[in-house]
> 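I'd like to ask you about the structure that follows.
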Amino acid sequence: MATAKLDMEKLVSLCRRRGFIFQSSEIYGGINGFWDYGPLGVELKKNIKDAWWQDMVRNPPPGPDGQEITMVGLDCSIIMNPKVWEASGHVATFADPTRKCSGCGRFVRADQLWAILAESSEWMNSLIQEFTPITGAIDTPKLLKWAQGKGKKLAPNLALVRNPQVVLSFLATRVNGQPDAPPDLMEMTRYLATEQLHATGLQDPCPLCGGPLGEPKPFSLMFESHAGTEQTEESKVYLRPETAQGIFANFANVVSSSRVKLPFGIAQIGKAFRNEITPRNYIFRSREFEQMEIEFFCHPEQSMKWYEYWRDLRKKWYSTLGIKSDNLKPREQGKEELAHYSIGTTDIEYMFPFSEDPQELEGVAHRGAFDLTAHMSKSGKDLKYFDEDGWNALLHERLEPLKNDPARREEEKKKLNREERPKFIFTPHVIEPSAGADRFTLAVLCEAYSADQVPDADGKMEERLVMKFHPRLAPVKAAILPLVKKDGMPEKAQGLYRELKKHFKVEYDDGGAVGRRYRRQDEIGTPFCITIDGDTMKDDTVTIRDRDTLQQRRVPINSVLEEIRKALMS
RNA sequence: GCGGGCGUAACUCAGUGGUAGAGUGCCACGUUGCCAACGUGGUUGUCGUGGGUUCAAAUCCCAUCGCCCGCUCCA
């Protein structure tokens, strides 16, 4: 743990120093849970998003039966009609009134308070054995003893524990005042939680520490804003907490406009916002983040096959971009963990250095027909799919034999329309591979970070900091370096630089000794250094230095483009 | 949100009431023919922020913001 934490700090420091990631609004003291990508960070993240788009949308691998699969893209607005979030369940789920304990600061769902107190509150379970609520009898000495013993440990902020004399006297007044209506368990508990009855009225206790709970307040993980001039409840809008709902809301548009047939997927990369209670672990859990999501629509009967396809494909994708499989942990969620709509979910997790446990990079969820059904019922629009191919095939099969008997043919057609056609109209099931672009960027940074030993000019071994990015993801693909700043080398090098920058992000650097320049490139993970030396001037060859092996190869200057391209395809 | 720790240059850090520092980096010039070379010169600060105590505050006190760790939350 100690070494893991150290690595993380070094990584954060490197990312700041070299311009990968900055804290947002730093000159104003920063803002918790928001991050900026610097000049190198933006290249890295863009490469990640481009790789995803290329490999999943433009060139997805064949499906489970070797067939080509259909993928299209979408880019939806961040703010949508708020009804979208009512339909998806986000408004309901997050509008749950929550109460904050002023003692320990923890939050309790208001509607679950008494259930939690009755079932899983440790101090309540202990306290309940000290009195006999059925008769309403109160054993004051027993309660006092509890308050001074077990109570001190279990419920340090409970009024009874903090000030037993006063609390018990309030309770006694109540019991003696209305002997015909003894307090029930709930009322008695509230008395025991109340220290200043006249000032505050009866209090509800925190199930964890016994402290008084505040008023219920709706706690939403969604950021709110207003659209339009008036800031009223009617103009309230939300910043999307996920990109997925924009896809569902556009399902019918895509089907009717782009000639796609089931099964097919819709992909989207975009920002999402969640007002996380505790943003933590660098860019891992931030309040503004970017998702790379696919909603893959398929026939319900084939959905398990597609679920497995995406689960396996998505894990493999991370490996092809240089994430060691040892650090990648697919984890099938347990039944109790699953969201209520999900038939199955696999989290693809990564062993980040900041945690002993693997943390989620991506969730591949089988969402069934939940989302389309929800939007159908909320919007009143038909989002079912009509399998025309299947229907036409059936028509052909049944009507072809009757082609010489028009009357029977017509009759059979009517019958099929009545009895068989509805079977080809259904709500597709959805497989959702939902990846975090920032989380993967962080994983790539963690995975790439390494220190090795290399000999310096005197042959002495010394530490070298190197970011071993996959060439495809590296923010800079190659550095063009004149060995020395004379004899026409800079000019020659600049010529090559101008040629290469048409194709890739490359850097030109003629400052200082070449060794220093190599190390600088190592630290930002540039896979290749192209050096122009004296021989280049004679025979138009250059050396290509490999970041990881430090080996140099001499190649013709006009083959450099192809050499880099080859590495990017690997 | 609670508890604990921390906050000084781009980075790592020293500085415990009396002139704000070091190393690294970065920039320029010279030199330099292959792995953080060398020389010379230069560069960087609201000491996180605000207030208080004091003749005097990076240093002591209070508040606040941010970061880290733990709790909690994570559809």
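In the text below, chain A, chain B and the rest are named by the order of the sequence lines, each starting its count at 1.
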> Does B:C35 have OP1 or OP2 sitting under 4.0 Å from an N or O in the side chain of A:Arg519?
no
> Is the shortest side-chain N/O distance from A:Asn281 to OP1 or OP2 of B:C69 below 4.0 Å?
yes
> Say we look at B:G70 and B:C26: how far apart would their C1' atoms be, to the nearest angstrom?
39 Å
> How many Å lie between CZ on A:Arg285 and P on B:G70, as a whole number?
12 Å
> Side chains of A:Thr541 and A:Asp539: any donor to acceptor distance under 3.5 Å?
yes
> For nucleotides 21-31 of chain B, which of its nitrogen or oxygen atoms have a protein nitrogen or oxygen under 3.5 Å away, and what is each distance?
from: B:G25; atom 1: OP1; to: A:Arg516; atom 2: NH1; distance (Å): 2.9
from: B:C26; atom 1: OP1; to: A:Arg520; atom 2: NH1; distance (Å): 2.7

> Within the structure shown, what part of the strands sits under 4.0 Å from A:Arg464 by heavy-atom distance: base, sugar-phosphate, or nothing?
nothing
> Return the value, rounded to whole Å, for the distance between atom CH2 of A:Trp35 and atom P of B:G66.
12 Å
> Rounded to whole angstrom, note down the C1' distance from B:G51 over to B:A57.
13 Å
> Who passes side chain to side chain contact (heavy atoms under 4.5 Å, CB included) against A:Val84, sequence neighbours left out?
A:Met80, A:Gln245, A:His375
> Looking at A:Arg545 and A:Asp522, is there a salt bridge between them, counting it only when a charged N and a carboxylate O are closer than 4.0 Å?
yes
> Between B:C11 atom C1' and A:Ile21 atom CD1, what is the distance in whole Å?
16 Å
> For A:Asp540, give me all partners under side chain to side chain donor-acceptor pair (under 3.5 Å), at least two apart in sequence or on another chain.
A:Lys492
> Using whole Å, what does the distance between atom P of nucleotide B:G33 and atom CG of A:Asp510 come to?
16 Å
> Got a list of protein N/O to nucleotides 40-49 of chain B N/O distances below 3.5 Å?
none

> I'd like to know if A:Gln552 reaches the base of B:C34 with its side chain, counting only an N/O donor and acceptor under 3.5 Å.
yes
> Kindly write out the residues that satisfy side chain to side chain contact (heavy atoms under 4.5 Å, CB included) with A:Gln359, not counting sequence neighbours, or none if the list is empty.
A:Phe284, A:Phe352, A:Phe354, A:Ser355, A:Asp357
> List for me each residue that meets side chain to side chain contact (heavy atoms under 4.5 Å, CB included) alongside A:Glu507, sequence neighbours excluded, and say none if there are none.
A:Val476, A:Gln521, A:Ile524
> Is there a donor-acceptor pair closer than 3.5 Å between any side-chain N or O of A:Asn81 and the backbone N or O of A:Lys83?
yes
> Return the value, rounded to whole Å, for the distance between atom CE of A:Met222 and atom P of B:C74.
15 Å
> Assess whether a salt bridge exists between A:Asp438 and A:Lys45, defined as any Lys/Arg side-chain N lying under 4.0 Å from an Asp/Glu carboxylate O.
yes
> Which nucleotide sits closest to the side chain of A:Asp487: B:C11, B:G33, B:A36?
B:G33
> With a 3.5 Å cut-off and just heavy-atom distances, do the side chain of A:Arg545 and the base of B:C35 make a donor-acceptor pair?
yes
> So A:Glu523, base contact, sugar-phosphate only, or nothing? Heavy-atom distance under 4.0 Å.
base
> Which part of the nucleic acid, if any, lies within reach of A:Asn32 when heavy atoms closer than 4.0 Å are counted: base, sugar-phosphate only, or nothing?
sugar-phosphate
> Work out how far the P atom of B:U72 is from that of B:U53, and round it to whole angstrom.
43 Å
> Expressed as a whole number of angstroms, how long is the span from A:Ile524:CD1 to B:A36:P?
17 Å
> Between B:U44 and B:A22, how many Å separate the two P atoms, rounded to a whole number?
13 Å
> How many Å lie between CD1 on A:Ile532 and C1' on B:C34, as a whole number?
13 Å
> Of the nucleotides B:G66, B:C11, B:C71, which one has an atom closest to the side chain of A:Arg280?
B:C71
> Where the side chain of A:Ser13 is defined as all heavy atoms beyond and including C-beta, which of B:U12, B:U32, B:C35 is the nearest nucleotide?
B:U12
> Now, which nucleotide makes the Watson-Crick or G-U wobble pair with B:G21, with each of the two distances under 3.5 Å?
B:C13
> For B:G30, what is the paired nucleotide under Watson-Crick or G-U wobble rules, both distances under 3.5 Å?
B:C38
> Answer with base, sugar-phosphate or nothing: what part of the nucleic acid does A:Gly33 contact at a heavy-atom distance below 4.0 Å?
sugar-phosphate
> Is B:G33 in the syn or the anti form, by the rule that syn lies within 90° of 0?
syn
> Kindly write out the residues that satisfy salt bridge (charged side-chain N to carboxylate O under 4.0 Å, His left out) with A:Arg311, not counting sequence neighbours, or none if the list is empty.
A:Glu332
> Quick one: on RNA chain B, does A:Leu465 or A:Gly534 contact a more 5' nucleotide (nearest heavy atom)?
A:Gly534
> Please give the nucleotide sitting opposite B:U64 as a Watson-Crick or G-U wobble pair, both distances under 3.5 Å, or none.
B:G48
> Applying a 4.0 Å non-hydrogen cut-off, can you work out what A:Glu26 is touching in the nucleic acid: base, sugar-phosphate, or nothing?
nothing
> Using the P atoms only, state how far B:A63 lies from B:G5, rounded to an integer number of Å.
14 Å
> Sticking with atom C1', work out how far B:C27 lies from B:C65, rounded to a whole angstrom.
34 Å
> If the P atom of B:C61 is compared with that of B:G17, how far apart are they to the nearest Å?
12 Å
> Could you list the residues that satisfy ring pair (Phe, Tyr, Trp, His ring centres under 6.0 Å) with A:Trp306, not counting sequence neighbours?
A:Phe296, A:Tyr309
> Identify the nucleotide, in any strand shown, that forms a Watson-Crick or G-U wobble pair with B:C71, with both distances under 3.5 Å; if there is none, say none.
B:G1
> Taking atom C1' in both B:U46 and B:G42, compute the distance separating them and give it to the nearest angstrom.
24 Å
> Of A:Tyr282 and A:Asp535, whose closest RNA chain B nucleotide lies nearer the 5' terminus?
A:Asp535
> Partners of A:Ser379 by side chain to side chain contact (heavy atoms under 4.5 Å, CB included), sequence neighbours excluded?
A:Lys381
> Looking only at side-chain atoms of A:Asp533, point me to the closest of B:C34, B:C67, B:A10.
B:C34
> Please tell me which of the listed nucleotides, B:C69, B:C35, B:C67, lies nearest to the side chain of A:Phe354?
B:C69
> Using a strict cut-off of less than 4.0 Å between a Lys/Arg side-chain nitrogen and an Asp/Glu carboxylate oxygen, indicate whether A:Lys236 and A:Glu233 qualify as a salt bridge.
yes
> Describe, in one word, how the ring planes of A:Phe440 and A:Tyr318 are oriented to each other, choosing from parallel (under 30°), tilted (30 to 60°) and perpendicular (over 60°).
perpendicular
> Counting the atoms with a prime plus P, OP1 and OP2 as sugar-phosphate, which does A:Phe284 contact under 4.0 Å by heavy atoms, base, sugar-phosphate, or nothing?
nothing
> Only pairs with both distances under 3.5 Å count, Watson-Crick or wobble alike; so what is the partner of B:A56 in this structure?
none
> Can you measure A:Phe223 atom CZ to B:C74 atom P for me and round it to whole angstrom units?
17 Å
